[in-house]
2 protein chains.
Amino acid sequence: MKKEAVLNSNQHCQTRIRAISDAMEVLSGKWKFHILGTLTRGDKLRFMDLLREVEGIGTKMLSKELQDLEMNHLISRTVLNTKPVTVEYEITEFGKSLIPIIDEIAKWGIAYRAFIYGKTD
Amino acid sequence: MKKEAVLNSNQHCQTRIRAISDAMEVLSGKWKFHILGTLTRGDKLRFMDLLREVEGIGTKMLSKELQDLEMNHLISRTVLNTKPVTVEYEITEFGKSLIPIIDEIAKWGIAYRAFIYGKTD
DNA sequence: CTCATTAGTTTCCTAAATGAAACTACTTTC
DNA sequence: GAAAGTAGTTTCATTTAGGAAACTAATGAG
């Protein structure tokens with residue numbers, strides 16, 4: 001008789017596993033947390049502001065990541081009727097529900113570095 | 001005069017940003033949270049157990065991810081002196097420090113699905 | 001001697017992520 | 001009219017992630 005999964009087979013675990021997959025799909029990538037973190041620090045940032053704040057990102061990735069985040073309702077995009085058009089990006093209320101995750105990850109990253117290198121800074 | 005980053009330039013933010021990068025480097029990928037989550041449910045699982053429990057993973061990815069996790073001190077690997085050798089994987093104490101992150105992500109994933117599809121299940 | 005089991009490794013391949021640089025399009029300033 | 005600033009898009013290339021299938025190596029059962 002063939003052995004099957006036992007630990008992960010119950011409904012509660014399946015729901016959890018799917019939830020983790022869902023979340024990772026939305027949040028994976030090199031830049032999402034940095035963009036979201038920046039938007040939690042200063043609300044209403046323009047494209048060029050974000051390009052300056054998020055160190056290392058290029059226009060293509062920033063543009064693509066902003067689109068992804070907007071599609072997933074985590075940020076909003078507002079075109080302003082200014083002389084050269086400006087666009088404001090802002091974290092949504094739903095996007096703010098990610099703050100606990102971002103905080104936990106930042107906290108853990110600091111603990112990890114301390115554990116590996118034996119220093120807090 | 002050229003504009004520079006202001007929001008993310010202070011020391012506190014830089015530390016946070018580096019922490020998030022560190023954490024993401026260790027935790028990114030399709031399988032790490034699923035493997036770790038499984039190891040939190042049942043401690044001391046063997047390679048074939050994990051292969052069965054983590055639905056969809058293949059031997060190559062499982063082997064590679066287990067090596068990564070072990071290198072980062074999140075799990076331990078113990079070779080047992082049995083007839084066909086068996087290997088036990090277990091989450092470390094330090095690895096358990098990830099439980100709050102995994103819980104937050106699972107919780108958020110459920111909320112995300114509810115927000116998008118309007119249902120809890 | 002053959003088959004099954006354990007724990008992987010190796011090879012080959014495709015798809016996705018990321019990046020640098022150039023380009024578009026519009027407006028204002030000099 | 002040229003330069004600079006807005007917000008991107010497009011092209012081309014490289015790197016990384018992920019996966020299927022075959023293979024290794026050791027042991028034990030029949």
Side-chain angles (χ1 to χ4, degrees), chain A residues 1-5 17 20-22 24-36 38-39 42 44-72 75-90, chain B residues 1-6 17 20-21 24-36 38-39 42 44-72 75-90:
Chain A
M1 67 180 182
K2 200 166 65 177
K3 286 185 198 167
E4 283 177 10
I17 288 166
I20 290 171
S21 297
D22 284 350
M24 291 305 284
E25 200 163 315
V26 174
L27 302 172
S28 68
K30 190 172 171 182
W31 301 110
K32 298 224 174 61
F33 284 126
H34 295 307
I35 294 170
L36 289 167
T38 301
L39 286 173
K44 302 200 190 202
L45 294 176
R46 292 178 305 164
F47 188 85
M48 291 307 283
D49 293 331
L50 285 163
L51 201 56
R52 275 185 291 269
E53 294 289 342
V54 181
E55 202 187 309
I57 200 168
T59 55
K60 197 189 81 172
M61 285 309 295
L62 180 55
S63 172
K64 186 220 151 217
E65 295 293 63
L66 289 170
Q67 282 172 26
D68 284 359
L69 293 171
E70 192 196 359
M71 268 200 304
N72 290 315
I75 65 172
S76 65
R77 177 179 182 275
T78 312
V79 180
L80 298 181
N81 190 22
T82 50
K83 6 330 170 74
V85 303
T86 47
V87 178
E88 273 179 0
Y89 292 95
E90 191 177 3
Chain B
M1 66 179 181
K2 199 167 64 176
K3 286 186 197 166
E4 283 177 9
V6 283
I17 288 165
I20 290 171
S21 297
M24 292 305 284
E25 200 163 316
V26 173
L27 302 172
S28 68
K30 190 172 170 182
W31 301 110
K32 298 225 174 57
F33 284 126
H34 295 308
I35 294 170
L36 288 166
T38 301
L39 286 172
K44 303 201 189 203
L45 293 176
R46 291 179 306 164
F47 189 84
M48 292 305 284
D49 293 332
L50 285 164
L51 201 57
R52 276 185 289 268
E53 294 290 340
V54 181
E55 200 187 310
I57 200 169
T59 55
K60 195 190 82 172
M61 285 309 293
L62 180 55
S63 172
K64 186 217 149 218
E65 296 293 63
L66 288 171
Q67 283 172 26
D68 286 358
L69 293 171
E70 193 197 357
M71 268 200 303
N72 290 316
I75 63 171
S76 66
R77 178 180 181 273
T78 313
V79 179
L80 299 181
N81 190 23
T82 50
K83 2 339 167 63
V85 303
T86 47
V87 177
E88 272 179 2
Y89 291 95
E90 192 176 2

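By convention in this document, chain letters (A, B, ...) are assigned in the order of the sequence lines, proteins followed by strands, and residues within each chain are numbered from 1. Computed over heavy atoms, backbone and side chain alike; hydrogens, waters and symmetry mates excluded. Since this is a predicted model, take the numbers as computed values, not measurements.
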Between [N] ([atom2]) and [X] ([atom1]): distance, integer Å:
X: Asp49(B); N: dG8(C); atom1: CG; atom2: P; value: 12 Å
X: Ile35(B); N: dA17(D); atom1: CD1; atom2: C1'; value: 14 Å
X: Asn81(A); N: dC26(C); atom1: CG; atom2: C1'; value: 13 Å
X: Met61(A); N: dA17(C); atom1: CE; atom2: P; value: 8 Å
X: Met48(B); N: dT6(C); atom1: CE; atom2: P; value: 5 Å
X: Glu65(A); N: dT18(C); atom1: CD; atom2: P; value: 6 Å
X: Leu62(B); N: dA17(D); atom1: CG; atom2: C1'; value: 16 Å
X: Glu25(A); N: dA17(D); atom1: CD; atom2: P; value: 17 Å

>> Would the distance check show the side chain of Ser21(B) and the main-chain N or O of Ile17(B) forming a donor-acceptor pair, the cut-off being under 3.5 Å?
In response: yes

>> Please check this pair: side chain of Asp49(A) against backbone of Arg46(A), looking for a donor-acceptor N/O pair closer than 3.5 Å.
In response: yes

If you check every side-chain atom of [X], which of [options] has the closest atom?
X: Pro84(A); options: dT10(D), dT11(C), dG5(D); answer: dG5(D)
X: Trp31(A); options: dG18(D), dG8(D), dG19(C); answer: dG19(C)
X: Ser63(A); options: dG18(D), dT6(D), dG8(D); answer: dG8(D)
X: Lys60(B); options: dG18(D), dG8(C), dA7(D); answer: dG18(D)

Does [X] get its side chain close enough to the base of [N], under 3.5 Å, for a donor-acceptor pair?
X: Thr82(B); N: dT6(C); result: no
X: Lys83(B); N: dG28(D); result: no
X: Lys30(B); N: dG18(D); result: no

Compare side-chain N and O positions of [X] against OP1 and OP2 of [N] and report whether any pair is under 4.0 Å apart.
X: Arg77(B); N: dG8(C); result: yes
X: Tyr89(B); N: dT6(C); result: no
X: Thr59(A); N: dG8(D); result: no

> Roughly how far, to the nearest 0.5 Å, is CD of Glu4(A) from CD of Glu53(B)?
Replying inline: 10.5 Å

> CG/Leu27(B) to CG/Leu69(B) distance, rounded to the nearest 0.5 angstrom?
Replying inline: 8.5 Å

>> Between the side chains of Arg77(A) and Glu88(A), is the shortest nitrogen-to-carboxylate-oxygen separation below 4.0 Å, so that they form an ion pair?
In response: no

> Under the side-chain hydrogen bond (donor to acceptor under 3.5 Å, both in side chains) criterion, do Thr86(A) and Thr82(A) qualify, and how do the steps go?
Replying inline: CA-CA 6 Å; Thr86(A) 47; Thr82(A) 50; 2.9 Å; yes

> Which comes earlier along DNA chain C counting from the 5' end, the contact point of Arg52(B) or that of Lys64(B), where each point is its nearest nucleotide?
Replying inline: Arg52(B)

> Base, sugar-phosphate, or nothing: which does Thr86(B) touch, judged by heavy atoms less than 4.0 Å apart?
Replying inline: sugar-phosphate

>> So Gln67(B), base contact, sugar-phosphate only, or nothing? Heavy-atom distance under 4.0 Å.
In response: sugar-phosphate

